[in-house]
Amino acid sequence: MSGAAELERQLARIREGSVDFVGEEELRARLKEALSGGRPLRVKLGMDPSAPDLHLGHTVALEKLRIFQELGHTPIFLVGDFTARIGDPTGKKKTRPALSEAEVRRNAETYVQQVSRVLDVQAAELRFNSEWLDALSAADFVRLCSKHTLARMIERDDFARRLQEGAAIAIHELLYPLVQAYDSVALEADVELGGTDQLFNLLVGREIQRSYGQRPQAAITVPLLVGADGREKMSKSAGNGIGISDAPEEIYGRAMSISDELMLQWIRLLSFGRWQDLLPRAAEVEAGGGDPFALKQEMARRLVLRCHGEAGAEAAAAHFRRVVRRGEPPEELPEVEIALAGATAAGLLDVMRRALGLASNAEARRLVQQGAVRLDGDPVRDPALRLPPGRYLLRAGKRRYARVRIA
RNA sequence: GGAGAGGUACCGAAGCGGUCAAACGGGGCGGACUGUAAAUCCGCUGGCUCAGCCUUCGGAGGUUCGAAUCCUCCCCUCUCCA
């Protein structure tokens, strides 16, 4: 393949599925250099370990990073262990509480592990931004701050909105984009990836790089995945996410419960790179034909596949058929031991709370009163029921099961 | 530094001396329906040894037979002025 053709092929793959692509022409020039024996592009994707789990929304940008990796460039996965302690104010309506160093460290460890499910971490450059940010002196930091202005900073729509609504903005939140931008300087990034909500931060990166005498990075954004509730963007705190490290059955089940409309959207957003074959089927469903149920199962299977591999995907599909469709207890169901400690029988509510992991006896009581509880297949309606020693199969609602042994 | 407004349950938001475990909406959970879809409908949603009791309305005191509601101090947020 000629150099020019390869250049166009790469640009097309980079462009595919992205929303914004700022600095495309500059990148073209650098890509050309890279392809004629120069340094491969340095492509930065940063994530703050502000929650213990990455979710499917994160995989969109990770897939994009993986594509750069395929094209022979240098993917840099940046763990924002320093920035997590500031807290990215993007899309936030209020200041978020600061995380302790210990929490951040804990989260950071699992991040690397989770990312490795999607990206070949061995072949990537894995960095932590505390590496250079901890070393920054106060003087350095003030110099960094002098490169940008307040007016520019509060142009950001979430800051502007909070300002208008009278919500608090702490000064350190204004600093966040600068610090993220400095990461690009430290890494000499040619490209930075992020969700569409990151556009502002990525653009600040360009300016700050210029101020430090570097060529500005290209800013490429990918769409944000709407959460399982179909309303807001997927996030841990909104409780509408599906975690990369969630159990296979969990990922599968939650994926199956989204609306058809949302399914179509997810398939489109997650398709670039690996799922193109689903697009015709999605189009068919959208037109009112096809088989939405089958398509959703396939999507759910692939989501699990992405996070847990083939075995996990098969197990999750089997679990779904058995527990959800046929209403049978799961194959693998560990037995919970309840010790009587001298009593002759155990209270039902207490047993439920312990075996099903409920928050309180009151919650168990509600389930019983609402007719959601079955004991060995028979409905139970008496919250005061006491269970003599023995083995029981407990079921609450459609999907929660526990095997209990009272002794 | 000065003046004003405000902090209520997972979130948003009413309540402003008893009838408040606290309206309403969202979320969550259970049920009906189904493709475990979604949408819709019905119910539940602080805790406990549960027809009773205990702990909640930024924090600490106080007034009162009785406080989320009144008073004092403190902490936090916003607006305007400087």
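A note on names: the letters A, B, ... follow the listed sequences, proteins ahead of strands, and every chain is numbered from 1. Everything numeric in this text was worked out from a predicted model, so none of it was measured.
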I'd like the [atom1] distance from [M] over to [N], given in whole Å.
N: B:A67; M: B:U55; atom1: P; value: 12 Å
N: B:A9; M: B:G28; atom1: C1'; value: 14 Å
N: B:U56; M: B:G61; atom1: P; value: 11 Å
N: B:G15; M: B:A5; atom1: P; value: 16 Å
N: B:C57; M: B:G12; atom1: C1'; value: 15 Å
N: B:G1; M: B:U69; atom1: P; value: 28 Å
N: B:C78; M: B:C73; atom1: P; value: 22 Å
N: B:A14; M: B:A21; atom1: C1'; value: 16 Å

Looking at [options], which one has an atom nearest to any side-chain atom of [X]?
X: A:N361; options: B:G31, B:C48, B:G35; result: B:C48
X: A:S259; options: B:U36, B:A32, B:A38; result: B:A38
X: A:S360; options: B:C48, B:G35, B:U77; result: B:C48
X: A:A372; options: B:C50, B:G31, B:C78; result: B:G31
X: A:K398; options: B:G35, B:A32, B:C78; result: B:A32
X: A:R366; options: B:U36, B:C29, B:C44; result: B:C44
X: A:M256; options: B:C78, B:U36, B:G47; result: B:U36

Have a look at A:G253 and say if it touches a base, only the backbone sugar-phosphate, or nothing, with a 4.0 Å heavy-atom cut-off.
base
Mind checking A:P383 for me? I need base, sugar-phosphate or nothing, with any heavy atom below 4.0 Å counting as a touch.
nothing
Within the modelled atom types, does a donor on one side and an acceptor on the other bring the side chain of [X] and the base of [N] under 3.5 Å apart?
X: A:R399; N: B:U36; result: yes
X: A:D260; N: B:G35; result: yes
X: A:Q370; N: B:G43; result: yes

Would A:H73 and A:Q10 count as having a side-chain donor-acceptor pair, cut-off 3.5 Å?
yes
Side chains of A:E192 and A:Q180: do they bring a donor and an acceptor to under 3.5 Å?
yes
Between A:E363 and A:Y252, name the one whose nearest nucleotide on RNA chain B is closer to the 5' end.
A:Y252
Which residue lies more 5' along RNA chain B, comparing A:L163 with A:R365 via nearest heavy atoms
A:R365
Among residues at least two apart in sequence or on other chains, which ones pass ring pair (Phe, Tyr, Trp, His ring centres under 6.0 Å) with A:F293?
none
